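As structure tokens, the structure follows; a few thoughts come after it.
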Amino acid sequence: QVQLVESGGGSVQAGGSLRLSCAASGGIGSREIMGWFRQAPGKEREGVATIYTDNGLTAYADSVKGRFTISQDNAKDTVYLQIDSLKPEDTAMYYCAADPRRLSWWSRRKASYYTYWGQGTQVTVSS
């Protein structure tokens, strides 16, 4: 069983930065891929960044390219999401997710394919 705990959210002004952390425990070998998703009120959960944990290959949603950076520290079993140039439309609950399968290029940004989820951390951006 994999446990994921997010932290680092908060309230910031537009143009600011945040670094979200996702600490993983348990289920060694069950985290082939990890991803960050976000969900704003009334909207579907959106995949924003993913990383294959074996080779560090990353992918981003078009809406966040150039502003979001996903990274990992394998020694700490932690995945990070650096968010720069924050915009009010980035306001959402941000979730960390993991799956033991090597999800395809298409499926890895789909929330329904992920097995393990954290509780989320809120990011609020004011203009």
Side-chain angles (χ1 to χ4, degrees):
Q1 189 74 11
V2 176
Q3 293 81 44
L4 303 173
V5 178
E6 303 96 332
S7 62
S11 297
V12 298
Q13 290 192 328
S17 298
L18 284 173
R19 189 175 81 156
L20 308 184
S21 298
C22 173
S25 60
I28 294 176
S30 295
R31 289 177 266 131
E32 179 73 17
I33 188 168
M34 295 189 70
W36 283 98
F37 291 76
R38 66 184 181 185
Q39 188 167 21
K43 294 189 176 182
E44 292 188 357
R45 194 166 293 191
E46 172 193 21
V48 295
T50 62
I51 186 167
Y52 286 124
T53 58
D54 59 349
N55 61 16
L57 184 64
T58 60
Y60 299 91
D62 289 342
S63 59
V64 306
K65 281 181 181 177
R67 299 190 299 118
F68 287 25
T69 304
I70 188 171
S71 62
Q72 62 181 354
D73 183 335
N74 289 334
K76 296 182 178 179
D77 277 338
T78 300
V79 172
Y80 303 98
L81 186 68
Q82 177 69 36
I83 309 175
D84 297 318
S85 302
L86 276 157
K87 303 176 181 180
E89 51 263 44
D90 294 321
T91 295
M93 184 71 80
Y94 283 71
Y95 297 91
C96 176
D99 198 85
R101 300 165 293 176
R102 192 169 186 84
L103 300 178
S104 69
W105 188 260
W106 178 85
S107 60
R108 63 179 175 171
R109 283 182 289 178
K110 304 292 184 181
S112 60
Y113 284 87
Y114 285 77
T115 302
Y116 305 106
W117 290 88
Q119 294 301 306
T121 186
Q122 178 68 37
V123 172
T124 302
V125 185
S126 58
S127 57

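These numbers were taken from a predicted model, which means no experiment stands behind them.
Although no hydrogens or angles enter the test, the distance criterion places no donor-acceptor pair under 3.5 Å between the side chain of Thr50 and the main chain of Gly35. Between the side chain of Thr91 and the backbone N or O of Val125, at least one donor-acceptor pair lies under 3.5 Å. Remark: the backbone N or O of Gly120 is paired with a side-chain donor or acceptor of Glu6 at under 3.5 angstrom. At least one donor-acceptor pair under 3.5 Å links the side chain of Gln72 to the backbone N or O of Thr53.
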Side-chain donor-acceptor contacts of residues 11-27 below 3.5 Å, not counting sequence neighbours, with atom names and distances?
{"from": "Ser17", "atom 1": "OG", "to": "Asp84", "atom 2": "OD1", "distance (Å)": "2.9"}
{"from": "Ser25", "atom 1": "OG", "to": "Gln3", "atom 2": "OE1", "distance (Å)": "3.2"}

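Here the OG1 atom belonging to Thr69 is positioned 6.5 Å from the CD atom belonging to Gln82, to the nearest 0.5 angstrom. The CZ atom of Arg67 sits 6.5 Å away from the CG atom of Leu86 when rounded to the nearest 0.5 Å.
Among residue pairs with one or both ends in residues 35-77, those qualifying as ring-ring contact (aromatic ring centres under 6.0 Å, His included) are Phe37-Tyr114, Phe37-Trp117; sequence neighbours excluded.
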- prompt: Between Glu32 and Arg101, does a salt bridge (Lys or Arg N to Asp or Glu O under 4.0 Å) hold up when you go through it step by step?
  reply: CA-CA 6 Å; Glu32 179 73 17; Arg101 300 165 293 176; over 6 Å; no

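Side chains of Thr121 and Ser7 form no contact here, defined as non-hydrogen atoms less than 4.5 Å apart.
Among Asp54, Asp77, Asp99, the single residue meeting the salt bridge (Lys or Arg N to Asp or Glu O under 4.0 Å) criterion with Arg31 is Asp77.
Annotation for Ala61 and Arg109: closest pair CA-NH1, 3.9 Å, computed over non-hydrogen atoms.
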